[in-house]
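Sequential numbering from 1 along the given sequence is applied to the chain's residues. Please read all numbers here as calculations on a predicted model, not as lab measurements.
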Amino acid sequence: MTRTFGTPGQDLVFVPLGGAGEIGMNLYLYGHRGRWLMVDLGIGFGDDSMPAIDVVLPDIRFIEERRKELAGLVVTHAHEDHLGAIPYLWSRLRCPIYATPFAAALLETKLKEADPPVRAPITVVPLGGRFDVGPFNVELVSLTHSIPEPNALAIRTGAGLVVHTGDWKFDPHPLVGGDADMAALERLGAEGVEALVGDSTNVFVTGEPGSETGVRESLTHLLGQYGDGAIAVTCFASNVARLESIAHAAAANGRRVALVGRSLWRIVEAARRTGYLGEAGSFHTDDEVMKVPRDRLVYICTGSQGEPRSALARIAGGSHPCVTLGRGDTVLFSSRMIPGNEREIFRMQNQLVRSGVRLVTDREQFIHVSGHPGRDEVERMYRLVRPRAVIPIHGEVRHLTEHARLARGWGVDTALVVEDGTVARLAGGPVEVVGEVPHGKLVVDGSRIMPFESEVLRSRKRMMFNGAVVVTVVVDLGGTLVREPQITAPGIIDPAADEDDHAALAKVVRTAVAGLAPSLKRDDAAVREAVRLAVRRRFKESHGKKPVTDIHLVRI
């Protein structure tokens, strides 16, 4: 049985609090000599199990209770699932933040836009930089990905060297940023790497994902084929190379480009501030191009994953104030479908098709490459770094297990599958599980942050499936009803059509109150509970449901 873990000693330990067992919500801790190093602090997204919840955060209570031991937070790159939780949670940690220029620029904007704005100290580290964070010496190793400045971290401690890959691939022809620093990886391998903590996203994908250069060429060709109407392209907003590729393809086909979605403008601003986008493609706002002929237009839209509030979802639903799409228009999904988002994406695609829109996805045309490594690239990484042990991260359990199996097949001595909350020793002793810590999920509900397992969300889930009932009961001091019960059951009973149900429920309430002993009639809690149980029993018999039932008792 694993023990609850506290303060790290001379060994080097690893604790995922998000990102090990799911894709997204990345938060990883490294512990050594009484201090902790945090790597990334990202968000996840809600699903059908979380009614009215869009943003999910890792539960940081373990490290929040030890924030005096937290030496700093290093951001590997600027994707939302790696830095998006910082505006929500940094005030609970108040630690230094380290990031390269692009991630720092984007994070600064997000912190300013937070409500209220967040003032956090960000140290901008140059590409390839090396710096100390408490007892950890961190070296940034440039890789390639679907966003500028993705970094692996070489974490040196008194117990040994660990490489944390972040998100990465080996793009042979990157369009934005430089090549992956293969020499640095080989140098680390020669130095001796105790463990590699690595990306598992594409572990089931054979070969290599391909280059962004090929996507640009394909988009240029495709935009020339669909010349009869407007073209909308949806992609991950953070993919600066893809934005540039779409702008290049549009210009080659005589089309003007409008960005539709605030996060796209945020990314473009950060890219231009850090010198990655320049003046490539003169982007317009959606209202600036309203008078441009439709066959001269390309819209780049947020919403590739079917997000309900995204630009493309609003366009598909006919509620966008400036942009409409219909017969003769084309939408290109220049992105992959993240597991779990299928229902939302298909719902949006069906809405577009009903409007007469032509759909093109990566299944029909070559319009997307992944930013994560295929199996051949992972094997190449292992040949360069030569780790003694591998800890798979950034994946569901099936990804982590397959990654571990492959690592063993490629000659790695130890491959350890851990999930959120597990404490694994990486150096200073055998690579093994040595403890566990509290973990879980937090959700952003309007302006509040609350635990995923809170009573508020549990009640909301019950209401979603079983409805809710509110009963107002007015009694005198002795517990005798003095007015007819008032009953509201939205989503279960139609007041205009279900008069019989209302009459039957009122009778149930009267009977429940009348059946109480005189002493219990004078007990408010007893009256409420008797009515609540009677109403729920009636709904179970008549409707097959057990609604959330709230009793308002008024005693006069």
Side-chain angles (χ1 to χ4, degrees), residues 2-20 26-42 58-76 82-83 85-86 89-100 103 120-125 129-141 151-166 188 191-197 389 391 393 416 418 420-439:
T2 55
R3 63 181 175 87
T4 301
F5 195 83
T7 300
Q10 297 301 309
D11 297 345
L12 174 61
V13 297
F14 171 71
V15 184
L17 294 181
N26 296 280
L27 193 173
Y28 308 102
L29 296 172
Y30 291 88
H32 180 59
R33 291 184 179 175
R35 304 297 298 278
W36 294 97
L37 170 69
M38 181 181 291
V39 175
D40 292 335
L41 181 54
D59 187 337
I60 62 169
R61 57 188 147 153
F62 170 77
I63 192 62
E64 183 180 1
E65 292 169 357
R66 296 161 176 81
R67 70 181 189 181
K68 291 183 179 179
E69 301 172 8
L70 180 59
L73 162 60
V74 179
V75 176
T76 59
H82 292 261
L83 61 67
I86 296 176
L89 299 176
W90 182 84
S91 62
R92 301 186 183 188
L93 301 172
R94 298 191 173 277
C95 63
I97 301 172
Y98 302 85
T100 52
I122 303 174
T123 298
V124 180
V125 183
R130 187 166 172 173
F131 53 100
D132 290 324
V133 186
F136 307 91
N137 179 261
V138 180
E139 178 185 355
L140 303 182
V141 180
N151 299 280
L153 308 182
I155 303 171
R156 294 178 175 87
T157 70
L161 166 63
V162 169
V163 173
H164 183 106
T165 69
L188 294 172
E191 182 177 340
V193 175
E194 296 294 333
L196 182 144
V197 180
I391 309 292
I393 58 166
L416 191 63
V418 300
D420 295 343
T422 303
V423 184
R425 179 169 52 217
L426 302 185
V431 177
E432 60 184 357
V433 173
V434 295
E436 60 185 8
V437 303
H439 67 284

Participant: Keeping the roles fixed (side chain from His32, backbone from Asp11), state whether a donor-acceptor pair exists under 3.5 Å.
Facilitator: yes
Participant: How close do Pro438 and Leu17 get, heavy atom to heavy atom, and via which atoms?
Facilitator: O-CD2, 3.9 Å
Participant: State the CG-NE2 distance between Asp40 and His164, to the nearest 0.5 angstrom.
Facilitator: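 Rounded to the nearest 0.5 Å, the CG-NE2 separation comes to 5.5 Å.
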Participant: Heavy atoms, side chains only, cut-off 4.5 Å: are Ile86 and Leu73 in contact?
Facilitator: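 Counting from C-beta outward, Ile86 and Leu73 do come under 4.5 Å.
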Participant: Which pair of non-hydrogen atoms, one from Pro8 and one from Glu69, has the smallest distance, and what is that distance?
Facilitator: CD-OE1, 4.5 Å
Participant: Search all heavy atoms of Val193 against all heavy atoms of Leu196 and return the closest pair with its distance.
Facilitator: CG1-N, 4.4 Å
Participant: Run Tyr30 and Phe136 through ring-ring contact (aromatic ring centres under 6.0 Å, His included) and show every step you take.
Facilitator: CA-CA 9 Å; Tyr30 291 88; Phe136 307 91; 7.4 Å; no
Participant: Kindly give the heavy-atom pair with the smallest separation between Glu194 and Ala427, and that separation in Å.
Facilitator: CG-CB, 3.9 Å
Participant: Among Asp59, Leu27, Ile60, Asp420, exactly one meets side chain to side chain contact (heavy atoms under 4.5 Å, CB included) together with His439. Which residue is that?
Facilitator: Asp420
Participant: Is there a donor-acceptor contact under 3.5 Å from the side chain of Arg67 to the main chain of Arg92?
Facilitator: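 Yes, the answer is positive, given that a donor and an acceptor are paired below the 3.5 Å cut-off.
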Participant: In Å, rounded to the nearest 0.5 Å, how long is the span from CZ of Phe62 to CD of Glu436?
Facilitator: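 Result: 11.5 Å between the selected atoms.
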Participant: Rounded at 0.5 Å granularity, tell me how far OH in Tyr98 sits from CG in Leu153.
Facilitator: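 One finds 13.0 Å between OH of Tyr98 and CG of Leu153.
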Participant: What heavy-atom pair brings Val431 and Ala389 nearest, and what distance separates the two atoms?
Facilitator: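 Reported closest heavy-atom pair: CG2-CB, 3.9 Å.
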Participant: Kindly indicate, with the supporting measurements, whether the criterion side-chain contact (heavy atoms from CB on, under 4.5 Å) is fulfilled by Val15 and Trp36.
Facilitator: CA-CA 10 Å; Val15 184; Trp36 294 97; 3.8 Å; yes
Participant: Taking C-beta and beyond as the side chain, do Ile155 and Val197 meet within less than 4.5 Å on heavy atoms?
Facilitator: no
Participant: What distance do Thr422 atom OG1 and Leu416 atom CG have between them, rounded to the nearest 0.5 Å?
Facilitator: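 Separation between the atoms: 8.5 Å.
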Participant: Examine distances only and state if a side-chain atom of Arg425 and a backbone atom of Pro430 form a donor-acceptor pair shorter than 3.5 Å.
Facilitator: yes
Participant: So how far is it from Tyr28 OH to Ile391 CD1, rounded to the nearest 0.5 Å?
Facilitator: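 Rounded to the nearest 0.5 Å, the OH-CD1 separation comes out at 12.0 Å.
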Participant: Please round to the nearest 0.5 Å and tell me the distance separating atom CG of Leu93 and atom CD of Glu64.
Facilitator: 6.5 Å
Participant: I'd like to check Val418 versus Phe14 (side-chain heavy atoms, cut-off strictly below 4.5 Å). Are they in contact?
Facilitator: yes
Participant: What pair of heavy atoms forms the shortest contact from Leu89 to Pro58, and how long is it?
Facilitator: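 Closest heavy-atom pair between Leu89 and Pro58: CD1-O, 3.8 Å.
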Participant: Does the side-chain contact (heavy atoms from CB on, under 4.5 Å) test come out yes or no for Trp90 and Ile97, once each step is laid out?
Facilitator: CA-CA 9 Å; Trp90 182 84; Ile97 301 172; 3.7 Å; yes
Participant: As a quick check of understanding, evaluate side-chain contact (heavy atoms from CB on, under 4.5 Å) for Leu188 and Arg156, giving each step before the final call.
Facilitator: CA-CA 11 Å; Leu188 294 172; Arg156 294 178 175 87; 3.4 Å; yes
